[in-house]
> 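Here's a structure for you.
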Amino acid sequence: MPKPVSKACLLLVAFLFPALADAASLGRVTVNSTLGQPFDAEINLIAVEKEEKASLTVRLAPQEIFRQVNVDYVPLLSTFRASIENHSNGSPYIRIVSPQPVSEPLLHILIELSGLSARVLREY
């Protein structure tokens with residue numbers, strides 16, 4: 001993504017979706033699938049407080065948000081599902097899956113994490 005678009009995207013996100021101060025945030029993504037398989041990825045959730053954990057929800061951002069932040073939306077993304085799950089040690093993470101094989105070598109995904117009082121939007 002060109003730098004001017006990245007800066008505009010960050011500014012728009014900063015104004016539309018205030019960060020969760022001292023709360024959960026999104027970490028790095030790990031893709032567990034390969035080209036031609038159903039999409040399967042995990043995103044680390046960082047600094048999740050016990051009382052906040054139950055209120056967290058996650059989804060792929062709606063198509064209009066992709067448009068607002070100037071990120072290409074691929075219709076295939078409408079079939080993707082995001083959920084909050086727990087590792088065996090109890091730490092939460094976001095799991096993103098698709099029901100069908102994905103042949104796109106590069107996807108831009110916008111994840112929206114909502115908590116008690118704010119939302120975070122991040123592009124992967």
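Throughout, residue positions are numbered sequentially from 1 according to the sequence presented. Remember, it's a predicted structure, so these values are computed and weren't measured experimentally.
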> Any link between Tyr93 and Ile96 through a network of hydrophobic side chains (Ile, Leu, Val, Met, Phe, Trp, Tyr) touching at under 4.5 Å?
no
> Residues two or more places apart in sequence or in another chain: which of them pass salt bridge (charged side-chain N to carboxylate O under 4.0 Å, His left out) with Arg67?
none
> Can you give me the closest heavy-atom contact between Ser33 and Phe39, atom names plus distance?
OG-CA, 3.5 Å
> Quick check: closest heavy atoms across Ala82 and Ile94, and the distance to 0.1 Å?
CB-CG2, 4.4 Å
> Could I get the full list of salt bridge (charged side-chain N to carboxylate O under 4.0 Å, His left out) partners for Arg81, not counting sequence neighbours?
none
> Should Val120 and Glu112 be marked as a side-chain contact (heavy atoms from CB on, under 4.5 Å) after you check the CA-CA gap, both sets of side-chain angles, and the distance that decides it?
CA-CA 6 Å; Val120 174; Glu112 184 180 330; over 6 Å; no
> So which heavy atom on Pro92 is nearest to which on Asn86, and how close?
CA-OD1, 3.5 Å
> Count I, L, V, M, F, W, Y as connected when their side-chain heavy atoms are under 4.5 Å apart, and connections chain through other members. Are Leu110 and Ile84 then in the same cluster?
yes
> Is the distance between the ring centroids of Tyr124 and His108 under 6.0 Å?
no
> CG/Leu60 to CD1/Ile111 distance, rounded to the nearest 0.5 angstrom?
4.0 Å
> Tell me, do His87 and Glu42 make a side-chain contact under 4.5 Å, heavy atoms counted?
yes
> Ignoring hydrogens, what is the shortest heavy-atom contact between Asn89 and Ser91? Give both atom names and the distance.
OD1-OG, 2.8 Å
> Just verifying a value: how many Å separate Ser78 OG and Gln63 CD, rounded to the nearest 0.5 Å?
8.5 Å
> Identify whether Val97 and Val31 are in the same connected component of the hydrophobic contact network (ILVMFWY, side-chain heavy atoms under 4.5 Å).
no
> Any chance CG of Asp72 has more than 12 other-residue heavy atoms, nucleotides or ligands included, within less than 6.0 Å?
no
> Given Arg95 and Asp40, is the side-chain contact (heavy atoms from CB on, under 4.5 Å) satisfied, shown in steps?
CA-CA 7 Å; Arg95 184 165 186 218; Asp40 183 4; 3.2 Å; yes
> If every non-hydrogen atom of Pro38 is compared with every non-hydrogen atom of Ser98, which pair is closest and at what distance?
CB-O, 3.4 Å
> Walk me through whether Leu113 and Leu121 qualify under side-chain contact (heavy atoms from CB on, under 4.5 Å).
CA-CA 6 Å; Leu113 179 67; Leu121 182 73; over 6 Å; no
> Of the non-hydrogen atoms in Pro99 and Thr79, which two are nearest, and what is the gap between them?
CD-O, 3.2 Å
> Report the C-alpha separation of Gln100 and Leu76 in whole Å, then their side-chain angles, then the decisive distance to 0.1 Å, and conclude whether the side-chain contact (heavy atoms from CB on, under 4.5 Å) test is met.
CA-CA 9 Å; Gln100 74 286 339; Leu76 171 70; 2.5 Å; yes
